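The next block holds one structure in the form of structure tokens; read it before the comments.
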Amino acid sequence: MASAFDYAPAPESRSVVDIAPSYGLFIDGEFVEAADGKVFKTVSPSTEEVLSEVAQAGSEDVDRAVKAARKAFEKWSALPGPERAKYLFRIARIIQERSRELAVLETLDNGKPIKETRDADLPLVAAHFFYYAGWADKLEHAGFGASPKPLGVAGQVIPWNFPLLMLAWKIAPALATGNTVVLKPAETTPLSALFFADVCRQAGLPRGVVNILPGYGDTGAALVAHPDVNKVAFTGSTAVGKEIARTVAGTRKKVTLELGGKGANIVFDDAPIDQAVEGIVNGIFFNQGQVCCAGSRLLVQESIQDELLDSLKRRLSTLRLGDPLDKNTDIGAINSAEQLSRITSLVEKGAAEGADPWSPECELPSSGYWFAPTLFTNVTQAHTIARDEIFGPVLSVLTFRTPDEAVAKANNTQYGLSAGIWTEKGSRILAVANKLRAGVVWSNTFNKFDPTSPFGGYKESGFGREGGRHGLEAYLDV
């Protein structure tokens with residue numbers, strides 16, 4: 001007899017989203033073909049099925065889009081703040097109305113579980129547009145001068161791990177401050193950005209204010225280097241961020257870079273173990289670990305290491321890996337074959353260097369790109385898996401004895417994006433947080449985001465801040 005608690009699939013219907021066989025570039029309010037006629041296919045990571053064919057922008061298309069954005073800038077920047085706010089409010093409401101459709105689309109194109117796109121990504125996308133709509137008529141009170149001015153045309157390049165959310169992080173403050181936008185989505189996840197173009201038309205946004213150019217790295221490079229782009233915003237790898245910094249050096253372009261991370265999740269001996277385990281799981285296995293601020297290094301106080309690891313392994317054994325459209329799925333697909341290959345290579349290197357890998361019993365689907373949740377013990381700071389960003393569901397466990405040792409190990413990285421602290425003592429949280437060189441420090445939680453809170457890093461995690469009042473400065477001439 002089956003238990004009342006046996007697992008039963010609960011798939012979300014694909015019928016709520018209508019994916020066209022092909023999409024063009026979105027330039028000056030219209031979908032158009034690429035100038036050279038090039039196209040590429042976007043594939044569902046969980047099944048390897050081709051979802052659609054998408055136009056691939058080249059340098060001529062970048063020039064067309066920047067010219068359209070420049071032309072639109074004159075009227076858009078001259079609109080009173082309350083008028084710009086109306087468009088942002090409309091976009092936010094339409095996103096809420098179409099959230100189920102957009103969540104299914106994001107899951108199909110990205111591979112992450114539907115409960116993440118539905119319950120985390122889409123609510124945050126709408127929240128960012130609502131939040132910055134509220135700032136549009138209050139810029140003179142934001143602390144950046146009595147009459148801050150927009151910069152002009154913003155060239156924005158976003159990654160594949162949070163396609164629609166990263167779009168919102170960049171487009172919402174740009175529009176609120178009076179700038180126009182040319183955005184390049186990642187080549188593996190272009191669909192939600194193209195659907196957002198339709199949202200802009202539905203909201204009546206003036207032509208040319210937002211332009212979407214799907215393409216590969218050369219498209220992004222052409223956009224960054226375009227002489228009529230005033231502001232560059234990039235989220236992605238540190239290597240590409242350094243190349244962008246070299247490109248804009250010596251120009252008048254304003255730039256913000258949100259790059260890689262190797263976040264430390266520090267668990268002290270007085271931490272509530274069950275709560276900490278949930279935070280650890282959320283910190284590294286949310287979105288299959290494909291998160292720049294993932295808590296990929298677990299620093300646990302030596303005296304509770306065994307207890308914590310036993311509890312953590314039990315919890316990992318309950319995670320469900322499989323169909324991302326199933327509402328019960330915890331671990332979805334890796335975004336691409338290329339990313340899966342990188343994760344696999346680094347995990348093999350970790351084992352070869354002497355660290356001990358462990359994964360729960362896990363049956364991987366026969367098609368798609370999958371990797372079982374994995375943790376490594378007996379890790380030292382010299383191991384590659386403790387230094388390099390894996391960007392996958394892989395956790396490296398290190399130990400410490402004193403708070404000072406925990407801080408030293410947490411800061412022993414070229415990155416500085418995020419960190420977490422788990423303890424019952426508020427004084428310890430404040431003392432340790434003030435010593436951590438990380439842009440975001442969570443206490444007794446992890447991976448919590450809010451549009452009112454700034455986000456960004458130090459060192460090779462980039463510079464500048466997105467979100468909150470601080471996120472306005474990057475788009476203003478102050």
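Keep in mind that this is a model prediction, so the values were computed, not measured.
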Flag side-chain contact, heavy atom, 4.5 Å: L175 against Y475: no
Cationic N near anionic O, under 4.0 Å, E106 to K112: no
Candidate pair D330 and K115, rule salt bridge (charged side-chain N to carboxylate O under 4.0 Å, His left out), full reasoning: CA-CA 8 Å; D330 300 299; K115 68 180 181 182; 2.6 Å; yes
So, T445 side chain and W442 main chain: donor-acceptor pair closer than 3.5 Å or not? no
Show your reasoning for whether salt bridge (charged side-chain N to carboxylate O under 4.0 Å, His left out) applies to R465 and E473. CA-CA 9 Å; R465 292 295 181 266; E473 183 179 7; over 6 Å; no
Kindly indicate, with the supporting measurements, whether the criterion side-chain contact (heavy atoms from CB on, under 4.5 Å) is fulfilled by V182 and V62. CA-CA 8 Å; V182 180; V62 169; 5.7 Å; no
Does the Lys NZ or Arg CZ of R207 fall within the cation-pi geometry relative to F26 - under 6.0 Å from the ring centre and within 45° of the axis? no
Among T188, T189, N161, N287, find the one that has a side-chain hydrogen bond (donor to acceptor under 3.5 Å, both in side chains) with N335. T188
Considering all heavy atoms of both residues, which atom of I343 and which atom of F391 are nearest to each other, and what is their separation? CD1-O, 3.6 Å
What's the shortest heavy-atom distance between P393 and I334, and which atoms? CD-CD1, 3.9 Å
Expected output: side-chain Y369 to main-chain T47 donor-acceptor under 3.5 Å: no
Checking T107 side chain against A103 main chain: does a donor-acceptor pair fall under 3.5 Å? yes
Should the pair F40 and Y216 be assigned to parallel (<30°), tilted (30 to 60°) or perpendicular (>60°) ring geometry? perpendicular
Do the non-hydrogen side-chain atoms of L364 and L321 ever get within less than 4.5 Å of each other? yes
Is there a donor-acceptor pair closer than 3.5 Å between any side-chain N or O of E389 and the backbone N or O of G261? yes
Side chains of K231 and T256: any donor to acceptor distance under 3.5 Å? yes
Under a plain distance cut-off of 3.5 Å, with no hydrogens placed, do S367 and E48 share a side-chain donor-acceptor pair? no
Test your reading of the model: is there a side-chain donor-acceptor pair from S317 to the backbone of P360, 3.5 Å cut-off? no
Exercise: identify the closest heavy-atom pair between P373 and C362: CD-SG, 4.5 Å
Hey, are T318 and R315 close enough side-chain-wise for a donor-acceptor pair under 3.5 Å? yes
Measuring only between side-chain heavy atoms, which start at C-beta, is L316 closer than 4.5 Å to F285? yes
In plain terms, say whether R387 and E353 are close enough for a salt bridge, that is, a side-chain N and a carboxylate O under 4.0 Å apart. no
Are any of the side-chain heavy atoms of R201 and F31 separated by less than 4.5 Å? yes
Working to the nearest 0.5 Å, report the span between CG of N179 and CZ of R84. 8.5 Å
Would you say K41 has more than 12 foreign heavy atoms packed within less than 6.0 Å of its NZ? no
Indicate yes or no for a side-chain donor-acceptor contact from T238 to the backbone of E460 under 3.5 Å, with no hydrogens or angles considered. yes
Between the CH2 atom in W76 and the OG1 atom in T177, the distance rounded to the nearest 0.5 Å is 10.0 Å
For the OG atom of S296 and the CG atom of L395, what is their distance to the nearest 0.5 Å? 7.5 Å
Please tell me if the side chains of F234 and L259 come closer than 4.5 Å, counting only heavy atoms from C-beta onward. yes
With no hydrogens and no angle check, do the side chains of S359 and T374 hold a donor and an acceptor under 3.5 Å apart? yes
Is the count of non-hydrogen atoms from other residues, nucleotides or ligands lying under 6.0 Å from R252 atom CZ greater than 12? no
Ring center gap for F286 and F446 short of 6.0 angstrom: no
Starting at CD of Q414, measure out to OG of S461 and round the result to the nearest 0.5 Å. 8.5 Å
Beyond-backbone contact of L165 with H128, side-chain heavy atoms, under 4.5 angstrom: yes
Please report whether the ring centroid of W169 lies less than 6.0 Å from that of F455. yes
Sub-4.5 Å side-chain heavy-atom contact between V232 and V157: no
Under 3.5 Å, is there a donor-acceptor pair linking the side chains of T42 and D109? yes
Considering non-hydrogen atoms only, spot the tightest contact between P451 and L124 and give its length. CD-CD2, 4.3 Å
Where do F376 and H383 land on the side-chain contact (heavy atoms from CB on, under 4.5 Å) test, with the steps shown first? CA-CA 11 Å; F376 275 94; H383 282 130; over 6 Å; no
Determine the minimum heavy-atom distance between V181 and Q156, stating which atoms define it. CG1-OE1, 3.2 Å
Verify the neighbour count for atom NZ of K313: are there more than 12 heavy atoms of other residues, nucleotides or ligands below 6.0 Å? yes
Let me confirm one number: the CD-CD1 distance from Q202 to I95, rounded to the nearest 0.5 Å. 10.0 Å
With a 3.5 Å distance limit and no angle check, can you tell me whether D326 reaches the backbone of A10 through a side-chain donor-acceptor pair? yes
Pairing of K38 and D61 as salt bridge, 4.0 angstrom limit: no
Please find the pair of heavy atoms, one from K184 and one from G220, that lie closest to each other, and give the distance. CD-N, 3.3 Å
Do any N or O atoms from the side chain of E466 and from the backbone of P173 form a donor-acceptor pair under 3.5 angstrom? no
Single hit among Y87, F196, W135 for ring pair (Phe, Tyr, Trp, His ring centres under 6.0 Å) with F129: F196
When you measure from the side chain of Q288 to the backbone N and O of A333, does any donor-acceptor pair fall under 3.5 Å? yes
Please answer whether the main-chain N or O of V240 pairs with a side-chain N or O of S237 as donor and acceptor at a distance below 3.5 Å. yes
Derivation of the side-chain contact (heavy atoms from CB on, under 4.5 Å) call for R98 and D198: CA-CA 11 Å; R98 299 179 63 176; D198 189 53; 3.1 Å; yes
OG1 (T344) and CD1 (I390) are apart, to the nearest 0.5 Å, by 11.0 Å
Does a sphere of radius 6.0 Å around NZ in K459 hold more than 12 heavy atoms from other residues, nucleotides or ligands, not counting ones at 6.0 Å or beyond? yes
Close side-chain approach of R246 to K242, heavy-atom, < 4.5 Å: yes
Let's go through L108 and L325 carefully: what are the C-alpha distance in whole Å and the side-chain angles of both, what is the deciding distance for side-chain contact (heavy atoms from CB on, under 4.5 Å) to 0.1 Å, and is it a yes or a no? CA-CA 8 Å; L108 286 170; L325 282 175; 3.8 Å; yes
